[in-house]
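Keep in mind it's a predicted model, so treat the numbers as computed, not measured. We use all heavy atoms of the structure for the numbers below, so side chains are in, but hydrogens, waters and symmetry mates are not.
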Amino acid sequence: MTTSRLIMICFLVVVITTSSGVSCKKEKKHHPRQVSGVPEPSMAPGIQGPPGVVGQVSGVPEPSMAPSIQEPPGVVGQVSGVPEPSMAPPPGIQGPPRPPVVTDVVFSVDGGQVLPNVPYYISFMSADYNMWICRMNPSSSDPKTCPHQPVMFTRPTIAPEPVMFILPPSTPDTVIRESTKLSIKFVNPSQCGESGVWRVANGEVVLGGVEGREDSLFRIHMTDSYYMFTIGESVYPDVYETSISLSNSAIGKDRLMANSGELEVLFFQHYPPEYNYY
């Protein structure tokens with residue numbers, strides 16, 4: 001091979017090598033350098049994300065800008081499961097209990113509260129029965145026959161006799177109460193000379209008692225709709241003393257008896273005019 005041919009061959013190699021380098025540089029201008037396996041961020045408009053998730057990194061949610069969920073009233077800042085201490089003031093120290101309201105006042109049908117030393121008529125249950133307390137001898141048809149005693153007279157032929165309730169001097173009450181011992185006394189003076197104060201003798205209510213004496217002290221108790229009389233002391237707290245009942249006379253003149261029966265009565269400050277005695 002001659003020297004001139006060798007020079008020609010070297011020249012061609014240099015030319016070819018130079019052309020290849022220029023071509024590579026031009027290619028790099030059209031395809032920017034890219035790191036292997038990591039795509040360049042696209043300059044094209046991206047796909048819009050859901051509203052309120054602007055610029056969110058994939059897998060890491062942005063903090064929500066929506067308003068927080070309201071807690072129930074009165075539980076502000078409460079840790080779940082741990083109730084807040086109550087802000088209500090602690091209950092104060094209670095004072096001594098108040099005395100119970102007294103409801104044992106005795107009432108009349110037409111005059112309000114029953115008062116001491118005021119005349120009242122006594123009827124058996126409703127006045128419709130037309131049975132009234134009278135002062136007479138139950139064994140005689142003559143009202144002047146002595147001795148007298150309280151009698152429940154059915155359709156009386158004589159004037160019913162009013163009574164007064166006498167409280168002991170030591171009692172401060174101004175009304176008649178169930179809880180108070182009292183004496184019962186006919187208002188009008190006796191035609192037979194005996195005391196008008198009721199008393200119990202031999203199991204029967206008679207006259208000739210003494211105000212304040214034990215055999216002349218009664219109590220008034222409320223039943224379902226009426227009142228009843230008792231005398232003496234109760235052995236047990238919820239058991240009445242000896243109650244006053246009727247003798248069940250065949251002629252409508254019932255004596256008052258101290259036994260286990262029950263005489264239910266009402267009190268009238270004024271005798272009903274429609275129940276005239278004959």
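- Using a 4.5 Å cut-off between side-chain heavy atoms of Ile, Leu, Val, Met, Phe, Trp and Tyr, with links allowed through other members, Val118 and Ile122 fall into the same hydrophobic cluster.
- Of the charged side-chain nitrogens involved, at least one lies within less than 4.0 Å of a carboxylate oxygen, so that Asp215 and Arg213 count as a salt-bridged pair.
- In this structure, Phe229 and Phe218 have perpendicular ring planes: the angle between them is above 60°, well past the 30° mark.
- From His221, atom NE2 reaches atom CD of Glu262 across 10.5 Å, with rounding to the nearest 0.5 Å.
- Looking at heavy atoms from C-beta onward, Leu182 lies out of side-chain contact with Thr171 at the 4.5 angstrom threshold.
- In this structure, the side chain of Tyr120 engages the main chain of Leu115 through a donor-acceptor pair within 3.5 Å.
- When all heavy atoms of Ala201 and Val206 are compared, the pair lying nearest together is CB-CG2, 4.0 Å.
- Rounding to the nearest 0.5 angstrom, the gap separating the CZ atom in Arg219 from the OG1 atom in Thr180 is 8.0 Å.
- Listed for the Lys253 side chain is a donor-acceptor partner under 3.5 Å among the backbone atoms of Ser140.
- Nearest approach of Val197 to Ser216, heavy atoms of both residues: CG1-CB, 4.1 Å.
- Both Leu263 and Phe165 are assigned to one and the same hydrophobic cluster, defined by single-linkage of ILVMFWY side chains at heavy-atom distances under 4.5 Å.
- Inter-residue side-chain proximity for Val200 and Leu256 is flagged as unmet; no heavy-atom pair is nearer than 4.5 Å.
- Taking the six-membered ring for Trp and the full ring otherwise, Phe124 and Tyr129 have centroids separated by under 6.0 Å.
- Although no hydrogens or angles enter the test, the distance criterion places no donor-acceptor pair under 3.5 Å between the side chain of Arg135 and the main chain of Pro150.
- Looking at Val175 and Arg177, their side chains come closer than 4.5 Å, going by heavy atoms from C-beta outward.
- In terms of modelled atom types and a separation under 3.5 Å, the side chain of Ser247 and the main chain of Asp254 share no donor-acceptor contact.
- Cluster annotation: Met131 and Phe268 are assigned to the same hydrophobic cluster (Ile/Leu/Val/Met/Phe/Trp/Tyr, side-chain heavy-atom contacts under 4.5 Å, transitive).
- When all heavy atoms are compared, the tightest approach of Gly212 to Ser183 is N-OG, 3.2 Å.
- The shortest heavy-atom contact between Asn137 and His148 is N-CD2, 3.8 Å.
- No side-chain donor-acceptor contact under 3.5 Å links Ser190 to the backbone of Gly196.
- Within the model, atoms OG of Ser139 and CZ of Arg255 stand 7.0 Å from one another, a figure rounded to the nearest 0.5 Å.
- Among all heavy-atom pairs drawn from Ser123 and Met125, the shortest one is OG-O, 2.9 Å.
- Between Pro156 and Asn130, some side-chain heavy-atom pair lies under the 4.5 Å cut-off.
- Considering CD of Glu211 and NZ of Lys185, their distance stands at 5.0 Å, rounded to 0.5 Å.
- Between Ile133 and Pro160, every side-chain heavy-atom pair lies at or beyond the 4.5 Å cut-off.
- In this structure, Phe186 and Leu207 have side chains that are in contact, with non-hydrogen atoms separated by less than 4.5 Å.
- There is a path of hydrophobic side-chain contacts, each under 4.5 Å, that joins Ile231 to Leu246.
- Under 3.5 Å, the side chains of Gln269 and Ser108 contain no donor-acceptor pair of N or O atoms.
- A side-chain donor-acceptor contact under 3.5 Å links Glu178 to the backbone of Met222.
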Chi angles and distances behind the side chain to side chain contact (heavy atoms under 4.5 Å, CB included) call for Val163, Val187:
CA-CA 5 Å; Val163 303; Val187 174; 5.5 Å; no
Evaluate the criterion side chain to side chain contact (heavy atoms under 4.5 Å, CB included) for residue pair Thr174 and Leu167; output intermediate values, then yes/no.
CA-CA 9 Å; Thr174 57; Leu167 294 176; over 6 Å; no
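- In this structure, Trp132 and Ala127 approach most closely via the heavy-atom pair CZ2-CB, 3.9 Å.
- To the nearest 0.5 angstrom, Ile244 atom CD1 is 11.5 Å from Met152 atom CE.
- A donor-acceptor contact shorter than 3.5 Å links the side chain of Asp110 to the backbone of His270.
- Ile220 and Leu217 fall into different hydrophobic clusters, where Ile, Leu, Val, Met, Phe, Trp and Tyr residues are linked whenever their side-chain heavy atoms come under 4.5 Å apart, directly or through other members.
- A distance of 11.0 Å separates CD of Gln149 from SG of Cys192, quoted to the nearest 0.5 Å.
- At a threshold of 4.5 Å between non-hydrogen side-chain atoms, the residues Thr242 and Asn259 do not count as touching.
- For the pair Phe267 and Phe107, the minimum side-chain heavy-atom distance is 4.5 Å or more.
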